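Reviewing the structure listed below.
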Amino acid sequence: MPFKKHTRIEISKEDVKFSAAHFTIFSATERERLHGHNFKVSLLLTADVGDNGMCFSYVEIKKRLRALCETLDEYTILPNASPYMTLEEVDGEVLAHFNGETLRFLRGDTLILPLRNTTVEEFARYLLEKLVEDAPFVEGNEISELTMQVSSGPGQSGSATWVRA
Ligand SMILES: Nc1nc2c(c(=O)[nH]1)N=C([C@H](O)[C@H](O)COP(=O)(O)OP(=O)(O)OP(=O)(O)O)CN2
């Protein structure tokens, strides 16, 4: 029976992470208070194994994951696609309007991302989409599946998966 051999590479290193402040919005009227996490980022990758017994050096993956984490590190992260909150930038501040109140943040401390919420599942989707944008990396290494996982603490995480069509 014909079959194709794949290998799975997992990168799950303590220093592949980003520290950020956020608050999860649960409904039009309910949210958490602002708080922070060290969000840990892991990647599970499926690719073909070459005749040299390797798919490709996972150093390349770690380099990209660390670079992606650096873009999110040490910010208050706000979603600009929330169904319940609107953002506006005024005089060097970001004003977040939610449920009749306004939260104010210094623009320089804030990262506004195309997310619906600042949840682990949305962070995972965002980071996966950023990684897959690197077509030479994905195409060049015959990667067939990628699963990006983001954890807000031990025992809780969200993930997003991309499968080659
Ligand atoms: N589906 C999701 N639900 C929740 C998320 C999320 O990202 N996706 N996030 C939160 C909160 O932001 C919070 O940071 C995590 O919730 P909490 O359980 O309070 O986290 P702790 O690290 O304090 O875990 P403990 O079990 O309380 O130690 C909520 N929901």
Side-chain angles (χ1 to χ4, degrees), residues 8-47 58 60-90 92-134 137-138 143-165:
R8 301 200 83 171
I9 300 281
E10 180 172 1
I11 301 294
S12 182
K13 294 181 74 71
E14 280 311 306
D15 70 334
V16 179
K17 65 171 179 65
F18 62 96
S19 303
H22 82 120
F23 55 92
T24 300
I25 296 174
F26 300 110
S27 71
T29 57
E30 190 194 0
R31 69 172 176 87
E32 298 177 302
R33 288 189 303 276
L34 183 68
H35 65 284
H37 296 276
N38 292 321
F39 289 95
K40 184 170 175 293
V41 176
S42 306
L43 182 74
L44 200 55
L45 175 151
T46 303
Y58 50 57
E60 290 304 309
I61 309 171
K62 290 189 287 184
K63 201 188 303 178
R64 283 167 173 78
L65 288 178
R66 287 186 173 119
L68 285 172
C69 287
E70 182 61 29
T71 66
L72 306 183
D73 198 30
E74 297 184 359
Y75 284 106
T76 295
I77 299 179
L78 297 173
N80 70 6
S82 166
Y84 304 120
M85 181 170 71
T86 57
L87 305 178
E88 66 174 317
E89 297 187 33
V90 178
E93 287 190 313
V94 177
L95 308 184
H97 303 290
F98 173 78
N99 189 29
E101 62 178 5
T102 297
L103 296 89
R104 308 173 79 104
F105 303 94
L106 282 178
R107 184 65 189 90
D109 288 348
T110 309
L111 183 63
I112 298 174
L113 293 181
L115 307 178
R116 292 161 292 189
N117 210 339
T118 51
T119 54
V120 290
E121 50 265 48
E122 281 287 89
F123 285 137
R125 175 183 64 79
Y126 173 80
L127 288 169
L128 181 64
E129 287 172 359
K130 285 292 174 190
L131 183 63
V132 171
E133 279 174 11
D134 185 347
F137 170 65
V138 176
I143 294 169
S144 55
E145 185 169 331
L146 288 165
T147 296
M148 184 76 73
Q149 183 183 68
V150 174
S151 169
S152 60
Q156 59 195 37
S157 63
S159 65
T161 295
W162 171 90
V163 181
R164 182 184 298 284

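Not measured: the values here are computed from a predicted model. Just so you know, ligand 1 is whichever comes first in the structure, and atom 1 is the first atom listed for that ligand. Along the sequence shown, residues carry numbers from 1.
Within a 4.0 Å radius of atom 3 (N) of ligand 1, the protein contributes no heavy atom. In this structure, atom 25 (P) of ligand 1 is not in close contact with the protein, since no protein heavy atom lies within 4.0 Å of it. Closer than 4.0 Å to atom 19 (O) of ligand 1 lies none of the heavy atoms of the protein. The protein reaches atom 14 (O) of ligand 1 closely, with a heavy atom under 4.0 angstrom from it.
Taking a cutoff of 4.0 Å between a charged side-chain nitrogen and a carboxylate oxygen, Arg64 and Glu60 qualify as a salt bridge. A salt bridge links Arg125 with Glu129: at least one charged nitrogen is closer than 4.0 Å to a carboxylate oxygen.
Scanning all protein heavy atoms for the shortest distance to atom 30 (N) of ligand 1 gives Phe26 CE2, 3.9 Å. Atom 22 (O) of ligand 1 has its closest protein heavy atom at Gln156 NE2, 3.4 Å. Protein heavy atom nearest atom 5 (C) of ligand 1, with residue, atom name and distance: Thr24 OG1, 4.2 Å. In terms of protein heavy-atom proximity, atom 11 (C) of ligand 1 is closest to Glu32 OE2, 2.7 Å.
Proximity to His37 (heavy-atom distance under 4.0 Å) selects the following atoms of ligand 1: 13 (C), 14 (O). Distances below 4.0 Å separate heavy atoms of Glu121 from the following atoms of ligand 1: 1 (N), 2 (C), 6 (C), 7 (O), 8 (N). The atoms of ligand 1 that sit less than 4.0 Å from any heavy atom of His22 are 12 (O), 14 (O).
Taking CD1 of Ile61 as the start and CG of Leu45 as the end, the distance is 4.5 Å to the nearest 0.5 Å. Note that CG of Leu113 is 4.5 Å distant from OH of Tyr126, once rounded to the nearest 0.5 Å. The distance from atom CD of Gln149 to atom CD of Glu121, rounded to the nearest 0.5 Å, is 12.0 Å.
Remark: the backbone N or O of Leu95 is not paired with any side-chain donor or acceptor of Glu88 at under 3.5 angstrom.
For a threshold of 3.5 Å applied to N or O pairs, the pair formed by Val120 and ligand 1 contains at least one separation below that value. Between His35 and ligand 1, at least one pair of N/O atoms sits closer than 3.5 Å.
For the residue pair Thr118 and Ile77, the shortest heavy atom distance occurs at CG2-O, 3.4 Å.
Not a single heavy atom of Glu122 sits closer than 4.0 Å to an atom of ligand 1.
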Q: Could you walk me through whether Phe123 and Phe18 pass the ring pair (Phe, Tyr, Trp, His ring centres under 6.0 Å) test, one step at a time?
A: CA-CA 11 Å; Phe123 285 137; Phe18 62 96; 5.4 Å; yes

Q: For Ser12 and Lys40, run side chain to side chain donor-acceptor pair (under 3.5 Å): C-alpha distance rounded to whole Å, both residues' side-chain angles, the deciding distance at 0.1 Å, then the answer.
A: CA-CA 8 Å; Ser12 182; Lys40 184 170 175 293; 2.6 Å; yes

